[in-house]
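The structure under discussion appears below in the form of structure tokens.
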Amino acid sequence: MLVKDVMTSPVVTVTENESASKVAQLMEKHNIGCIIVNTVDNKPIGIITERDLAERVVAKDMQPSKVTAKKIMSAPLVTISSEQTISEAARRMSSLNLRRLGVMHKGSLAGIISSKDILAVTPELIEIIQEKARLENQNLTEESEEAPPSAGYCDNCEVWSDNLREFEGSFLCEDCRTEQARSEF
């Protein structure tokens with residue numbers, strides 16, 4: 001499954017000059033936990049999360065209307081291609097200790113993927129993996145139902161063979177099995 005299949009799009013953004021209060025209002029309005037920060041020419045440069053607001057504005061007793069997004073954002077914005085797998089996204093989030101990645105497609109911000117998005121599809125992925133394993137196991141069982149060849153004297157020609165197989169109640173070498181099968185037609 002690819003990042004583009006589970007990402008959230010479109011992304012709510014602000015410019016780097018917007019106030020922290022505007023950021024909080026947008027988060028509340030859209031019921032989201034983060035906002036992407038863009039330059040004035042619309043290039044993504046950072047992210048502001050609820051935690052950033054709490055630690056960098058509220059905890060420091062700053063006035064949200066006087067603090068710009070650029071001052072409180074986490075930068076640079078860590079991104080991933082929309083064509084990468086969600087496994088790669090999860091590994092990247094884990095290794096960098098992040099919960100969200102910007103999703104890029106052809107050089108532009110296309111969406112955002114969060115650990116919550118990945119967790120939402122995990123049960124479906126587990127079911128797909130289990131079904132695949134069941135089918136592979138079924139194929140292996142079907143292949144192994146035919147007994148492996150054994151070595152011994154052919155019941156028909158009485159010649160030693162390392163490739164005896166049971167055929168209509170007798171253990172026959174390959175030549176005798178072929179001959180028996182032809183005579184049945």
Side-chain angles (χ1 to χ4, degrees), residues 1-140:
M1 193 172 281
L2 300 178
V3 167
K4 67 181 177 184
D5 299 325
V6 297
M7 71 180 187
T8 301
S9 183
V11 181
V12 179
T13 62
V14 295
T15 61
E16 59 192 327
N17 299 323
E18 286 289 351
S19 69
S21 59
K22 177 73 173 183
V23 170
Q25 289 165 4
L26 286 170
M27 284 183 181
E28 193 261 335
K29 177 183 176 185
H30 295 282
N31 194 28
I32 55 177
C34 70
I35 301 263
I36 300 293
V37 181
N38 288 336
T39 60
V40 288
D41 58 339
N42 216 27
K43 301 275 188 239
I45 56 169
I47 187 170
I48 298 175
T49 66
E50 293 166 318
R51 184 176 181 162
D52 293 329
L53 286 172
E55 290 178 356
R56 297 176 185 161
V57 179
V58 177
K60 293 185 179 177
D61 200 24
M62 299 175 91
Q63 269 190 311
S65 60
K66 296 190 180 186
V67 179
T68 64
K70 188 173 185 173
K71 293 227 188 271
I72 60 169
M73 70 181 182
S74 296
L77 176 64
V78 179
T79 62
I80 192 163
S81 166
S82 62
E83 298 299 317
Q84 289 187 271
T85 66
I86 61 171
S87 296
E88 291 167 321
R91 277 195 283 288
R92 188 157 199 190
M93 285 180 198
S94 178
S95 70
L96 297 173
N97 197 26
L98 298 173
R99 289 185 286 167
R100 298 170 183 93
L101 298 172
V103 179
M104 303 299 285
H105 181 73
K106 296 183 179 177
S108 297
L109 184 68
I112 192 164
I113 187 168
S114 69
S115 53
K116 187 176 175 182
D117 296 328
I118 295 170
L119 284 173
V121 297
T122 299
E124 181 182 324
L125 292 174
I126 290 171
E127 287 176 15
I128 291 168
I129 291 167
Q130 287 173 333
E131 180 65 12
K132 183 179 178 190
R134 187 188 65 74
L135 289 172
E136 287 176 355
N137 190 34
Q138 183 179 4
N139 288 342
L140 286 174

Under 4.5 Å between any side-chain heavy atoms of [X] and [Y], yes or no?
X: Leu53; Y: Val58; value: no
X: Met62; Y: Lys71; value: no
X: Ile48; Y: Met27; value: yes

Taking all atoms of both residues into account, what is the closest heavy-atom pair of [X] and [Y], and its distance?
X: Ser9; Y: Gly111; result: CB-CA, 4.3 Å
X: Pro44; Y: Asn38; result: CA-OD1, 3.1 Å
X: Ala89; Y: Ile113; result: CB-CD1, 4.4 Å
X: Cys34; Y: Ile112; result: SG-CD1, 3.5 Å
X: Ser19; Y: Pro64; result: CB-O, 3.6 Å
X: Thr15; Y: Ala69; result: O-CB, 3.8 Å

When rounded to the nearest 0.5 angstrom, what is the spacing between [atom1] in [X] and [atom2] in [Y]?
X: Ser114; Y: Met7; atom1: OG; atom2: CE; answer: 12.5 Å
X: Ile80; Y: Leu101; atom1: CD1; atom2: CG; answer: 5.5 Å
X: Ile128; Y: Glu131; atom1: CD1; atom2: CD; answer: 10.0 Å
X: Ile129; Y: Arg134; atom1: CD1; atom2: CZ; answer: 15.0 Å
X: Thr13; Y: Ile36; atom1: OG1; atom2: CD1; answer: 8.5 Å
X: Glu18; Y: Met73; atom1: CD; atom2: CE; answer: 13.5 Å

Exercise for review: Just do the side-chain contact (heavy atoms from CB on, under 4.5 Å) check on Ser74 and Asp52 with the steps written out, would you?
Suggested key: CA-CA 8 Å; Ser74 296; Asp52 293 329; 3.2 Å; yes

Practice item. Report the C-alpha separation of Leu109 and Met104 in whole Å, then their side-chain angles, then the decisive distance to 0.1 Å, and conclude whether the side-chain contact (heavy atoms from CB on, under 4.5 Å) test is met. Key: CA-CA 5 Å; Leu109 184 68; Met104 303 299 285; 4.1 Å; yes

Review point. Checking Ser82 side chain against Val103 main chain: does a donor-acceptor pair fall under 3.5 Å?
Key: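 A pair under 3.5 Å: no.
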
Review point. If only atom types and distance count, is the side chain of Glu124 paired as donor or acceptor with the main-chain N or O of Val121 below 3.5 Å?
Key: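 Judged by distance alone, no pair lies under 3.5 Å.
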
Please tabulate, one pair per line, all N/O donor-acceptor pairs under 3.5 Å involving side-chain atoms of residues 91-99, not counting sequence neighbours.
from: Arg92; atom 1: NH1; to: Thr79; atom 2: O; distance (Å): 2.6
from: Ser95; atom 1: OG; to: Arg91; atom 2: O; distance (Å): 3.3
from: Ser95; atom 1: OG; to: Arg92; atom 2: O; distance (Å): 3.2

Point to revise | Glu83/Leu2 under side-chain contact (heavy atoms from CB on, under 4.5 Å): CA gap, chis, key distance, verdict | key: CA-CA 6 Å; Glu83 298 299 317; Leu2 300 178; 3.8 Å; yes

Practice item. Flag yes if more than 12 heavy atoms outside Asp41 fall under 6.0 Å of its CG atom; otherwise flag no. Key: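 For Asp41, atom CG is crowded (more than 12 foreign heavy atoms under 6.0 Å).
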
